[in-house]
2 protein chains.
Amino acid sequence: MHGQAAHSGERGSFACAAGVRGEVALEHLFQGSALNAVDAKGRVSVPAFLRSVIERRGDARTIVLAKHSQFACLDAYDPAYAALKHAKLERLLEKGETEPDAELAYQQRNLMAFAATEETPYDSSGRIVFPPMMRRKGGIEDLALFLGTGETFQIWNPQTLLGDKNIPEDLKDIARYRLEERGVTP
Amino acid sequence: MHGQAAHSGERGSFACAAGVRGEVALEHLFQGSALNAVDAKGRVSVPAFLRSVIERRGDARTIVLAKHSQFACLDAYDPAYAALKHAKLERLLEKGETEPDAELAYQQRNLMAFAATEETPYDSSGRIVFPPMMRRKGGIEDLALFLGTGETFQIWNPQTLLGDKNIPEDLKDIARYRLEERGVTP
DNA sequence: TCGTTTCCCACGAAATCCCATTGTCACCCA
DNA sequence: TGGGTGACAATGGGATTTCGTGGGAAACGA
């Protein structure tokens, strides 16, 4: 258990390669993987190394959950990132404005980005209670696989990930390792 | 013993071949080699001459580990370099977004760059504890061979390197020298 | 009152910190 | 020139804290 929570450490404040055309830069990125249990009450520990990033980005002890736009998993991030995401959408709109469906696409994305999300706080021990709707959308059962992806992190049902054709084999190896580490081989 | 901490020295601060079209440049490069022991707890000293590069690139005392894409070894770098990598991906996405598979390719790369890596801090004496997953992926046992490769550095099981057909003989000589230096000849 | 949800405490394993030791090298000063 | 000596790198072992997790008590809404 405990994945590799430890390695996260508390420091790691590194300068970010920023300055991409006025974009807000993220100084701290989500990285690493862990497999945690979902208990009978629907509680899960958010891995400590992810929490440390959240708390460095802002002072919230909260995560935002959304269905991932492409994968059968959940996308998660901190509240501060939500604002950033909004700015990104704006920029996308400006870029593709010439295209006919641009406005519609923008509205749709905006809905997805904000209406279709749930914000959940984690307690002093770092656990959230999984909102039932999100839990279902992510197909999460009794194990939650956390994957850092830089700006955000993903939460998977490990079995779903293993069955996804679009996931690189090297990444599946990691999922298998985490399962094995926990004694779930079948 | 203590390898050759010395040869590496503390210098090596040279200007980097920078200025690749607005890209963030790395001012300090990893170079040199060392062979260190992995103890029973899985701890290894990161050679001081590599740490000094890490700390000049940013203020982190942390290394990022990943499986090397081609060799049977680990690839390692500092968090600042990871951020740089991320910025590159972002830029690629915005540029080639018109293509249909661009988004998927982006997601896959991001997963590999962040989920398939582990960040581990080194303590005041310069040691990391090898994350078990990475240790296995790199086939690292009780000796770790560090090789600087400029932007990043590699960590090998010396025996694996000696058995790799794609490694130049001159480099194997270095590995042999480090082993001999340490009294491991068989 | 009953069923949830939220909070709090407890435990075991594992990771992190701290101190101690030793060999090398660099430097200094006779 | 050469021996001493101080600093630093690499390594070993023990002590302490943190993390993930389970269970129960208290608060809340219906």
Side-chain angles (χ1 to χ4, degrees), chain A residues 1-12 32-55 61-63 118-135 142-146 155 178-179 181-184, chain B residues 1-11 32-55 61-63 65 118-135 140-146 155 178-179 181-184:
Chain A
M1 55 270 349
H2 314 152
Q4 41 53 283
H7 326 172
S8 47
E10 297 309 339
R11 49 210 115 61
S33 65
L35 182 64
N36 285 347
V38 184
D39 71 14
K41 296 180 183 176
R43 295 180 298 183
V44 211
S45 277
V46 179
F49 62 92
L50 297 178
R51 290 196 318 256
S52 82
V53 173
I54 291 172
E55 287 162 28
R61 298 172 64 86
T62 294
I63 69 175
E118 288 195 76
E119 194 172 334
T120 328
Y122 52 83
D123 63 26
S124 58
S125 77
R127 280 189 294 197
I128 61 166
V129 287
F130 237 113
M133 180 178 78
M134 281 301 163
R135 189 174 177 185
D142 58 343
L143 287 175
L145 179 66
F146 293 80
I155 309 177
R178 295 291 177 207
L179 285 167
E181 185 182 37
R182 184 172 271 274
V184 189
Chain B
M1 27 226 71
H2 312 147
Q4 46 44 279
H7 322 191
S8 49
E10 298 307 340
R11 58 214 118 74
S33 67
L35 183 64
N36 285 347
V38 184
D39 72 14
K41 290 184 182 176
R43 293 181 297 185
V44 210
S45 278
V46 178
F49 61 93
L50 296 178
R51 290 196 319 254
S52 82
V53 173
I54 292 171
E55 287 164 28
R61 298 171 62 87
T62 293
I63 71 175
L65 294 170
E118 293 197 78
E119 186 174 341
T120 91
Y122 51 82
D123 61 27
S124 57
S125 77
R127 278 188 297 195
I128 61 166
V129 290
F130 238 113
M133 181 176 76
M134 283 302 162
R135 190 174 176 186
I140 311 291
E141 296 171 7
D142 57 344
L143 286 174
L145 179 66
F146 292 80
I155 308 177
R178 296 289 177 214
L179 285 167
E181 186 181 39
R182 186 172 268 274
V184 189

Check your understanding: Should B/L143 and B/L179 count as side-chain neighbours, where that means a heavy-atom distance under 4.5 Å?
Key ->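 Yes - at least one pair of side-chain heavy atoms lies under 4.5 Å apart.
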Please state how far atom [atom1] in [X] lies from atom [atom2] in [N], giving the value in whole angstrom units.
X	N	atom1	atom2	answer
B/D142	D/dA10	CG	P	17 Å
A/N36	D/dT21	CG	C1'	9 Å
B/R43	C/dA20	CZ	P	15 Å
B/D123	D/dT11	CG	P	13 Å
A/K41	C/dC9	NZ	P	14 Å
A/F49	C/dT16	CZ	C1'	17 Å
A/L35	D/dG20	CG	P	12 Å
B/I128	C/dA14	CD1	C1'	17 Å

Measure from the side-chain N and O atoms of [X] to the backbone N and O of [Y], and report whether any donor-acceptor pair falls under 3.5 Å.
X	Y	result
B/R43	B/F130	no
A/R178	A/L145	no
A/N36	A/S45	yes

Practice item. Identify whether any heavy atom of B/S124 sits under 4.0 Å from a base atom; if not, whether one sits that close to sugar-phosphate; answer base, sugar-phosphate or nothing. Key: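 Nothing: the residue B/S124, judged by heavy atoms under 4.0 Å, touches no strand.
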Review point. How is B/V46 classified with respect to the nucleic acid when contacts are heavy atoms under 4.0 Å: base, sugar-phosphate, or nothing?
Key: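 It contacts sugar-phosphate atoms only.
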Taking only the side-chain nitrogens and oxygens of [X], find out if one of them lies under 4.0 Å from OP1 or OP2 of [N].
X	N	result
B/R51	D/dA10	yes
A/R127	C/dC8	no
A/R182	D/dT21	yes

